[in-house]
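Before I ask anything, here is the structure I am working with.
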Amino acid sequence: MRADDILRVFYARGMHTAAKKANQEAEKRLNVRPQTPHAFGGVFTTRATKEIREARDKPHINVHEHLDNWEVDTLAAVARSLKHHELRSRGPESEYMATYRKAQYGLLPSR
């Protein structure tokens with residue numbers, strides 16, 4: 001192989017195809033920061049929700065303090081299951097009572 005053939009192969013591999021360019025543009029618009037799920041609303045206290053948001057927004061370098069999207073999804077699944085089991089433990093009730101009854105989770109303990 002001559003030198004110009006090697007350079008041609010090198011430059012051909014370095015050129016961006018349409019698919020590679022589209023992937024790069026899509027990665028620029030990708031939302032890396034996970035969203036806070038709505039399930040946190042009634043389950044966690046405001047302090048816990050605030051701490052989760054702070055841990056989610058920390059840089060990825062702090063591995064032990066940062067929450068990635070899988071960890072946030074796991075916490076959301078826990079919150080949804082807490083809501084589900086608490087609603088099931090109440091038994092049958094009207095929609096009015098379900099709306100206005102206080103949940104037993106997410107409240108600060110009375111001292």
Inset, instruction - Would you mind listing every salt bridge (charged side-chain N to carboxylate O under 4.0 Å, His left out) that reaches into residues 35-51, with sequence neighbours excluded? - result: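 Passing the test, one end in residues 35-51: Arg47-Glu51.
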
Inset, instruction - Return the minimal non-hydrogen interatomic distance between Asp73 and Arg80, and the atom names on each side. - result: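 Shortest heavy-atom contact: O-NH2, 4.4 Å.
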
Legend entry - Separation of Phe44 CZ from Leu82 CG (nearest 0.5 Å):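 Here the rounded value is 7.0 Å.
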
Legend entry - Which atom of Thr49 lies closest to which atom of Phe40, heavy atoms considered: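 For Thr49 and Phe40, the tightest heavy-atom pair comes out as OG1-O, 4.1 Å.
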
Inset, instruction - Would you confirm whether Glu25, through its side chain, and Ala22, through its main-chain N or O, come within 3.5 Å as a donor-acceptor pair? - result: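 Checking the backbone N and O of Ala22 against the side chain of Glu25, no donor-acceptor pair under 3.5 Å is found.
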
Inset, instruction - Find out whether Leu67 and Asp57 are in side-chain contact, i.e. whether some heavy atom of one side chain is under 4.5 Å from a heavy atom of the other. - result: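 In short, these two side chains do not touch, never coming nearer than 4.5 Å.
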
Legend entry - Heavy-atom pair of closest approach, residues His66 and Arg56: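 It is CE1-O, 3.3 Å.
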
